[in-house]
Amino acid sequence: MGKTVLVTGGSGYIASWIVKYLLEEGHNVHATVRSLKSEDKVAHLRGLEKLPGSLTLFEADLLSEGSFDQAMKGCEIVMHTASPFFIKGLKDAQKQLIDPALKGTRNVLETVNRHPEVKRVVLTSSVAAIMGDNVDALAKDNQTMDENDWNRSSSLDHQPYSYSKTVAEEEAWRIAKSQDHWKLVVINPAFVMGPSLSKRMDGTSVQFVRDLVGGPLKSGVPDLTFGIVDVRDVARAHVLAAFKEDASGRHILCADTKTFVELADLLRERYGKTLPLPRGQLPGFMVYLIGPFFGLSWGFLKKNLGVRYNLDHSRSIEDLGIAYRPIADTLCDHVDQLKEAGIVG
Ligand code: NAP
């Protein structure tokens with residue numbers, strides 16, 4: 001029989017896939033969104049109502065105490081995905097990132113503490129809570145980070161998004177350890193790509209792929225390395241973390257690490273010259289010269305440019321049973337979707 005599951009931030013890029021998989025498995029999903037009136041944010045969720053499970057939408061805001069109470073009633077599982085994810089155009093990191101991430105996590109988990117029916121919480125953290133700058137990996141064997149690592153290099157002023165994810169996950173573990181009626185399982189995805197269920201284009205992941213293939217980077221790209229994972233694998237991991245009886249702890253979700261140029265090469269194999277893909281790597285001095293205009297500060301470049309790292313994803317395979325899609329499939333599925341929508345190409 002289906003379980004009742006709360007998904008916070010249910011209209012988000014990752015959460016929408018989680019909601020879809022839960023409904024396909026016949027569960028009763030309570031999904032929170034900030035505003036039920038934002039039709040562009042909820043239309044795709046209403047489209048999922050034909051699936052076997054049942055979907056109920058609720059309004060809730062991370063910064064409003066008690067906001068999640070009604071949506072949590074009767075839920076055995078809570079998936080807390082809502083947290084602001086943006087890097088560009090930040091004006092006040094404390095207000096825009098840290099407060100909703102940290103106070104929001106506290107708000108949701110204190111609500112869980114008031115609901116004895118909740119037995120498990122799955123938290124969407126990030127590899128950003130594991131490492132801040134790429135140079136962090138230089139101290140590790142084979143420059144490989146794992147779940148024992150915590151990001152100790154980010155702060156309010158340097159990589160504030162990563163800092164927001166670190167303090168939020170730490171707070172979640174602190175609250176989880178202070179009680180014994182529910183269990184915390186954490187998912188730490190690398191950079192997420194792959195097709196989106198909504199038509200929204202303002203998410204950081206969707207914008208990244210759009211920039212990569214849409215022309216703005218065609219003159220060249222910086223020598224930066226990313227861990228990458230498919231949005232469908234991330235959503236599947238959340239479902240497995242919720243229902244696998246013995247799942248526990250943190251889980252790095254990363255199919256592989258690639259540079260910008262390697263991503264462009266993967267796409268060139270499939271699309272040839274039909275897309276304005278980056279032509280090659282920009283020399284370091286040029287990245288330092290123009291980087292600040294694209295939001296890449298010298299402080300960031302010094303600690304990330306040209307530094308390779310790996311993410312050990314073995315726990316996600318052993319503990320959750322994840323089978324990773326190849327990055328080329330992830331990228332091409334995403335680009336095909338953007339092409340079909342007439343957004344690129
Ligand atoms: P997204 O589409 O922007 O989703 C973020 C969600 O958080 C949205 O539903 C948003 O609601 C909600 N939210 C933000 N501020 C809120 C507030 N004050 N109150 C209530 N809800 C609020 O981004 P995503 O990529 O799916 O991210 C989902 C989670 O995955 C986040 O925790 C993010 O840190 C984590 N993550 C993402 C990646 C990635 O590469 N995409 C990688 C690792 C971890 P609105 O729709 O109303 O704005």
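All of these numbers come straight from a predicted model, not from anything done at the bench. Note that ligands are numbered from 1 as they come in the structure, with each ligand's atoms numbered from 1 the same way. The figures here come from the full heavy-atom set of this structure, side chains too, leaving out hydrogens, waters and symmetry mates.
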Just checking, Arg236 and Trp17: is the charged tip under 6.0 Å from the six-membered ring centre and within 45° of the axis?
no
Rounded to the nearest 0.5 Å, how far does CG of Leu90 lie from CG of Leu97?
5.0 Å
Look at Glu171 together with Arg174 and state whether they make a salt bridge at an N to O cut-off of under 4.0 Å.
yes
Ring-ring centroid check Phe260 Phe226, cutoff 6.0 Å:
yes
Between Ser153 and His158, do the side chains contain an N or O donor and an N or O acceptor separated by less than 3.5 Å?
no
With a 4.0 Å cut-off on heavy atoms, is Tyr161 in contact with ligand 1?
yes
List every atom of ligand 1 that sits less than 4.0 Å from any heavy atom of Ser205, numbering the atoms from 1 in the order shown and giving each element.
39 (C), 40 (O), 41 (N)
Would you mind finding which of Ser83, Ser67, Gly9 brings a heavy atom closest to atom 7 (O) of ligand 1?
Ser83
Can you pull out the closest protein heavy atom to atom 46 (O) of ligand 1? Residue, atom name and distance to 0.1 Å, please.
Arg200 NH1, 3.1 Å
How far apart are the C-alpha atoms of Val78 and Lys119, what are their side-chain angles, what is the distance that settles it, and do they pass the side-chain contact (heavy atoms from CB on, under 4.5 Å) test?
CA-CA 8 Å; Val78 170; Lys119 299 288 176 251; over 6 Å; no
Does the protein place any heavy atom closer than 4.0 Å to atom 3 (O) of ligand 1?
no
Below 4.0 Å, non-hydrogen atoms only: which portion of Ala60 touches ligand 1? Side chain, backbone, both or neither.
backbone
If you draw a 6.0 Å radius around CD in Glu65, do more than 12 non-hydrogen atoms from other residues or ligands fall strictly inside?
no
Just by distance, with hydrogens left out, do Glu169 and Asn188 show a side-chain donor and acceptor under 3.5 Å apart?
yes
With a cutoff of 4.0 Å, is Leu63 in contact with ligand 1, counting heavy atoms of the residue only?
no
Pick whichever of Thr81, Thr124, Leu62 has a heavy atom sitting closest to atom 31 (C) of ligand 1.
Thr81
Check contact between Ala128 and ligand 1, using heavy atoms of the residue and a distance below 4.0 angstrom.
no
Give me the nearest non-hydrogen protein atom to atom 43 (C) of ligand 1 as residue plus atom name, then the distance to 0.1 Å.
Pro189 O, 3.3 Å
I'd like to know if Ser125 contacts ligand 1, where contact means a heavy-atom distance under 4.0 Å to any ligand atom.
yes
N/O separation below 3.5 Å, Ile14 to ligand 1:
yes
Would Ser11 count as a contact residue for ligand 1, given that I'm defining contact as a non-hydrogen atom of the residue lying under 4.0 Å from a ligand atom?
yes
Atom indices of ligand 1, in the order listed, that fall short of 4.0 Å to a heavy atom of Ala82:
7 (O), 12 (C), 21 (N)
Closest to atom 22 (C) of ligand 1 among protein heavy atoms sits Arg34 NE, 3.6 Å
Considering only protein heavy atoms, which is closest to atom 8 (C) of ligand 1, and at what distance to one decimal place?
Gly12 CA, 4.1 Å
Start with the C-alpha distance between Thr81 and Val7, add both sets of side-chain angles, then the distance that settles side-chain contact (heavy atoms from CB on, under 4.5 Å), and finish with yes or no.
CA-CA 7 Å; Thr81 83; Val7 181; 4.2 Å; yes
re atom 40 (O) of ligand 1, the protein heavy-atom contact at minimum distance is Val192 N, 2.8 Å
In the protein, which heavy atom is nearest to atom 23 (O) of ligand 1, and how far is it?
Phe85 CB, 4.2 Å
Using a heavy-atom cut-off of under 4.0 Å, does the side chain or the backbone of Tyr13 touch ligand 1, or both, or neither?
both
Taking only non-hydrogen atoms of Phe191 and a 4.0 Å limit, the atoms of ligand 1 in range are 40 (O)
Does any donor atom in the side chain of Asn113 or His181 lie under 3.5 Å from an acceptor atom in the other side chain?
no
Quick one: look at Met193 and ligand 1, take heavy-atom pairs under 4.0 Å, and tell me if it's side chain, backbone, both or neither.
neither
Residue, atom name and distance, where the atom is the protein heavy atom closest to atom 42 (C) of ligand 1
Ala190 O, 3.2 Å
To the nearest 0.5 angstrom, please state how far the CZ atom of Phe85 sits from the CD1 atom of Ile14.
8.0 Å
Please step through side-chain hydrogen bond (donor to acceptor under 3.5 Å, both in side chains) for the pair Tyr13 and Thr204, ending with a clear verdict.
CA-CA 9 Å; Tyr13 170 58; Thr204 299; over 6 Å; no
Region of Ser38 engaging ligand 1 - heavy atom pairs below 4.0 Å
neither
Can you tell me if Val33 has a non-hydrogen atom under 4.0 Å from ligand 1?
no
Exercise: do Thr330 and Arg325 side chains pair donor with acceptor under 3.5 Å
no
Does ligand 1 have any atom sitting under 4.0 Å from a heavy atom of Asp61?
yes
Checking contacts here: is it the side chain or the backbone of Ser35 that comes within 4.0 Å of ligand 1, counting heavy atoms only? Could be both or neither.
neither
Going by the side-chain contact (heavy atoms from CB on, under 4.5 Å) test, name the single residue among Leu263, Val213, Asp230 that passes it with Leu331.
Leu263
